[in-house]
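The structure under discussion is supplied below as structure tokens; questions concerning it will follow.
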Amino acid sequence: MSKHSLKEPDIFRTENFHYLDVFIHKYKSAPVTNKIKNKLNNLKSETGNVSARPAEILSLYQLATDHLTTEFQTNQEPIELQKSLFAEMEFLLSRFSSDPRHSFIIVIPVAERPRMLENSLQSLVRHCHAFNYGGLAPHIDHGMAFRKVRVMVVDDSRNFGNIEANKKIVDRVSREGIPCRYVSLKEQGRLIADLEDKTGRSLHRIVGTCSSSGSAPSHKGASITRNIAYLSIANELTKETEKKNKTLIFFLDSDEEFSIRIKNELGRFETDLISYFHTIDRLFREHEIDLLTGKVVGDPPVSPAVMVNNLLEDLLLFFKTCSGLTAESPCVFHQAEKYTGGAAQYNDMLHLFGYRRHGKPAAYPCPCSGSHSVSDGFRAFASRVNGFFHGLHPTREILFKTTESVNNTVPARTVYTGNYVFRPTMLDYFIPFADLKLRMAGPVLGRILKHRIGERFVSANIPLLHKRTIGEKYQSEFRHGVDQAEDTDTVNLSVELEKQFWGDVMLFTIEALIDLGFPDSPVKARDIKDTLVQTRNDLWSEYKERRLNITANADKLMDFLEDNKHWWNKNENFLQATNSFRKFICSVRENFITGSSGQKILESKIKSSSNPGGLLTELAVAIEAYHDDETAWKLLTPGANFPLNLDAAEPPAERSAEAVNS
């Protein structure tokens, strides 16, 4: 039984504009209040308390809720009034047959993460009940349900227990007022088979292939799973053509929640400050947007493979500070300058993306509360530091900036694939090169979108809360490429390192090829191969230089840790903490420093990549095939005319490795 009430508060049935009047009284000195009062008086005088124009109600309440967002600097009180205003607005809008706003399909790909999926969907349930977007209506299958929000969970799990757990979670969320559909491996297989029947060809680079049983295989990867979700959505919208233009598709990852993390005078905490659906709907109604990408707060959205050196620098600052204090000294890791999370400062390689480093390490933000010592902060850091390899960053957590409006947009070039929203016509743009399972799929897609749709591709300050780890050990529930062996203290990131490096190669190759006409027209095979080779060589030089820095910093950190003159080596009570830091350094050395096993594997793959049939050939084949794959794909998605007309199209020819190498 849901703990949430699935009915409107009685006050809305007896007093129209009650909370708007509360706002006017409470913020009577605010510049916007007179404008609200005048608009409200006009509505009341014209219609006897209820407007016949929903757009005017939306405009009126937006003025009040926008002001409350700016008020949220020193207390949370404005949030509760903001929620009440949204709920009141929804009740007023429910009296009219027309509603200019969009409906949302929330799509969550998931693999082996039932706990994270549960957390994500429960945050959505809380959010919908808090802000009431679209209001409630009777649902044929679920009783009372939110009329403008539904969910699709696309499962890529292999473990039977996790599959069953995910199904139960979906059923429970549906009973709590949000219609939620589970897309099984079997259903995914039917979608892939149907695609092949319609096009006469395999689009395995986009959606993979069916298994012998007719199901889609598990562990296909997030990009393939997202593309299969695109197919499922296209099928749904083909049956709902009248809803197509008023539907937005919202993708997030299973390790993200509808909340933000913030720090103000009250401290550091999580809250539901942003009404995501009201805000996003408004942006799409008021601006010419085809795809909007949000951001994340909490854990950084990039791989540990490209964050380790700046964490080593932060650790060196931490140990240097600790070495100048005693274990009993009051903790100083609260007053120090805090990391602000600006412009991807968690990324070692951000200069490759046109950003500048701040140039100094980030101070450790101690999570301990109350009166405590430096040694307490030392232990707290030690307990979290190995979570880094699973995606947590102990010193460079991203916090929400209240100074940046959620209602402004800027041109974008990267899609955060864990937080993006688009119109159905954008289903034409699948996640490219999905079968390669490389990192940087979102930036690659973003570069293509920037070239194709320009200013209709935007970014906004609408982050989701990113939580990559769970439990006291700060490990990911499931993350492909991160191998935490039971019988060793180290983490094996060799697969992750390879996926990141070749993802970078693909990204910067695509950037260069766009200047040669890609993807609007095919690019010569020789130009593709030459660009890949040059990009690989340039990036490997960058990676080797970074490796030298990592090696030097890891050695300095171990010297600090092992020096017997420091207080953490003079008391056995700190042995567990120092062992945790040693474990971290061992994993860094195993994966990142010169001569390590992780670097040997990566270097071997790079050296062999030019061989016939090697990785460069594989990437080149995928790039040359993109134009033909895109042509076939567009016949299947809502960007094409309804109903689908596949008989008139001749399937593009498959490209071969021989053609690319010729």
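Owing to the predicted nature of the structure, the values given are computational and were not obtained by experimental measurement.
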Under the side chain to side chain donor-acceptor pair (under 3.5 Å) test, which residues partner Y61, sequence neighbours left out?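 By the side chain to side chain donor-acceptor pair (under 3.5 Å) rule, Y61 matches E88.
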Does any N or O in the side chain of D314 come within less than 3.5 Å of the main-chain N or O of T395, such that one atom is a donor and the other an acceptor? no
Taking only Lys NZ, Arg NE, NH1 and NH2, and the carboxylate oxygens of Asp or Glu, determine whether K83 and E80 approach each other closer than 4.0 Å. yes
Classify the side-chain pair D538/Q534 by whether it contains a donor and acceptor separated by less than 3.5 Å. yes
How many angstroms lie between atom CD of Q345 and atom NE2 of H393, to the nearest 0.5 angstrom? 10.5 Å
Polar side chain donor-acceptor pair, N347 to Y355, under 3.5 angstrom: no
Would you please name every residue forming a salt bridge (Lys or Arg N to Asp or Glu O under 4.0 Å) with E618, sequence neighbours left out? none
Is there a side chain to side chain contact (heavy atoms under 4.5 Å, CB included) between N461 and N408? Walk through the geometry before answering. CA-CA 7 Å; N461 184 33; N408 295 336; over 6 Å; no
Does the plane of the ring in F86 sit parallel, tilted or perpendicular to the ring in F131? Use 30° and 60° as the thresholds.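 Ring orientation of F86 relative to F131: perpendicular.
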Which atom pair, heavy atoms only, marks the closest approach of P432 to L445?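 That would be CD-CB, 3.8 Å.
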How would you list, by chain and number, every residue that makes a salt bridge (Lys or Arg N to Asp or Glu O under 4.0 Å) with D435, sequence neighbours excluded?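 Checked D435 against salt bridge (Lys or Arg N to Asp or Glu O under 4.0 Å); zero matches.
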Could you go through the side chain to side chain contact (heavy atoms under 4.5 Å, CB included) check for L185 and D155 one step at a time? CA-CA 7 Å; L185 294 174; D155 203 344; 5.8 Å; no
Going from CZ on R261 to NE2 on H466, what distance comes out if it is rounded to the nearest 0.5 angstrom? 11.0 Å
Is it true that a side-chain atom of E498 and a backbone atom of L602 form a donor plus acceptor pair closer than 3.5 Å? no
Can the ring centres of H219 and F478 be said to be less than 6.0 Å apart?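 So the answer is yes for these two rings.
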V151: which residues meet the side chain to side chain contact (heavy atoms under 4.5 Å, CB included) condition with it, sequence neighbours left out? I106, L121, L124, V153, I178, C180
Taking it one step at a time, do R205 and W633 satisfy side chain to side chain contact (heavy atoms under 4.5 Å, CB included)? CA-CA 11 Å; R205 282 177 288 266; W633 177 262; over 6 Å; no
Which heavy atom of R468 sits nearest to which heavy atom of V302, and what is that distance?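 Heavy atoms only, the tightest pair is NH1-O, 2.5 Å.
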Are the side chains of S232 and L191 in contact, using a 4.5 Å heavy-atom criterion? yes
Heavy-atom check, side chain of F388 versus side chain of L311, under 4.5 Å: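 The answer is yes, as the side chains (C-beta and beyond) meet within the 4.5 Å cut-off.
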Would you please classify the geometry between the H278 ring and the Y133 ring as parallel, tilted or perpendicular, with 30° and 60° separating the classes? perpendicular
So, the side chain of Q188 versus the backbone of V183: is there a donor-acceptor pair under 3.5 Å, distance only?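 Pair found, side chain donor or acceptor close to backbone of V183.
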Of all the heavy-atom pairs spanning R423 and F284, show the shortest one and how long it is.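 Scanning both residues, the minimum pair turns out to be NH2-O, 3.0 Å.
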Salt bridge (Lys or Arg N to Asp or Glu O under 4.0 Å) partner of D290, the single match among R452, R456, K450: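 The single option meeting the salt bridge (Lys or Arg N to Asp or Glu O under 4.0 Å) with D290 is R456.
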Would a 4.5 Å heavy-atom cut-off, applied to side chains only, mark L532 and I623 as touching?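 SC-SC contact between L532 and I623 confirmed.
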Hey, is the main chain of P463 close enough, under 3.5 Å, to the side chain of N419 for a donor-acceptor pair?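 Looks like no, no N/O pair under 3.5 Å.
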Say whether, by atom type as modelled, one donor and one acceptor occur between the side chain of H129 and the main chain of E176 under 3.5 angstrom.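 Yes; at least one donor-acceptor contact below 3.5 Å.
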Test salt bridge (charged side-chain N to carboxylate O under 4.0 Å, His left out) on R226 and D253; report intermediate values, then the result. CA-CA 10 Å; R226 288 189 185 99; D253 285 337; 2.7 Å; yes
Can you name the one residue among N227, V415, I224, T225 that meets side-chain contact (heavy atoms from CB on, under 4.5 Å) with I431? N227
Salt bridge (Lys or Arg N to Asp or Glu O under 4.0 Å) involving R285 - partner list, sequence neighbours excluded: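 By the salt bridge (Lys or Arg N to Asp or Glu O under 4.0 Å) rule, R285 matches D281.
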Just checking Y230 against F251, ring centres under 6.0 Å apart?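 Centroid distance Y230-F251: below 6.0 Å, so yes.
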Can you say whether the rings of F353 and F508 are parallel (under 30°), tilted (30 to 60°) or perpendicular (over 60°)? tilted
Is a donor from one side chain sitting under 3.5 angstrom from an acceptor on the other, for S303 and R439?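 The criterion, which ignores hydrogens and geometry beyond distance, is not satisfied for R439 and S303.
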How about E542: does its CD atom have over 12 heavy atoms from other parts shown lying under 6.0 Å from it?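 Check passes, neighbour count above 12.
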Check whether any side-chain heavy atom of F104 lies under 4.5 Å from a side-chain heavy atom of I249, and answer yes or no.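 No, every pair of side-chain atoms sits at 4.5 Å or beyond.
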As an exercise, state the distance from CG of D99 to CD1 of I57, rounded to the nearest 0.5 Å.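 So the gap between those two atoms works out to 10.0 Å.
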Tell me the closest heavy-atom pair linking L283 and A460, and the distance in Å.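 Closest heavy-atom pair between L283 and A460: CD1-CB, 4.2 Å.
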I'd like to know whether the aromatic ring centres of F430 and Y626 sit less than 6.0 Å apart in this structure.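 Ring-ring flag for F430/Y626: true, centres closer than 6.0 Å.
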Would Y474 and F389 count as a close aromatic pair, with their ring centres under 6.0 Å?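 No, ring centres 6.0 Å or more apart.
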Could you tell me whether the side chain of R101 reaches within less than 4.5 Å of the side chain of L93, counting heavy atoms only? yes
Suppose we screen for salt bridge (Lys or Arg N to Asp or Glu O under 4.0 Å). Which residues come up paired with R447, at least two apart in sequence or across chains?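 Partners of R447 under the salt bridge (Lys or Arg N to Asp or Glu O under 4.0 Å) test: E511.
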Atom CG in L60, atom OG1 in T65: separation rounded to 0.5 Å?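 Taking CG in L60 and OG1 in T65, the distance rounds to 9.5 Å.
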Are Y346 and E397 close enough that some pair of their side-chain heavy atoms sits under 4.5 Å apart?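 When only atoms from C-beta onward are counted, E397 and Y346 do not touch, as no gap falls below 4.5 Å.
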In the structure I gave you, are the side-chain heavy atoms of L292 and H287 within less than 4.5 Å of one another anywhere? no
Indicate yes or no for a side-chain donor-acceptor contact from D255 to the backbone of K467 under 3.5 Å, with no hydrogens or angles considered. no
Give a yes or no answer on whether the side chain of S157 reaches the backbone of E112 with a donor-acceptor pair at less than 3.5 Å. yes
Residue from I462, I262, V296 passing side-chain contact (heavy atoms from CB on, under 4.5 Å) with F400: I262
Please report whether the ring centroid of F277 lies less than 6.0 Å from that of H127.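 Here the rings of F277 and H127 have centres that are less than 6.0 Å from each other.
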Where the side chain of S59 meets the backbone of A55, is there a donor-acceptor pair that is under 3.5 Å apart? no
Determine, stepwise, if the pair Q122 / V173 fulfils side chain to side chain contact (heavy atoms under 4.5 Å, CB included). CA-CA 7 Å; Q122 283 304 313; V173 169; 4.2 Å; yes
Measure the shortest side-chain to side-chain distance between R150 and E236 over non-hydrogen atoms and say whether it is less than 4.5 angstrom. yes
Working to the nearest 0.5 Å, report the span between CG of L392 and CE of M307.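 Here the interatomic distance stands at 8.5 Å.
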Search all heavy atoms of S120 against all heavy atoms of E257 and return the closest pair with its distance. CA-CG, 4.2 Å
Closest heavy-atom pair and its distance - I192, A216: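 So the two residues come closest at CD1-CB, 4.0 Å.
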Atom OG of S259 and atom CD of E270: how far apart are they, to the nearest 0.5 Å?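 Answer rounded to 0.5 Å: 5.5 Å.
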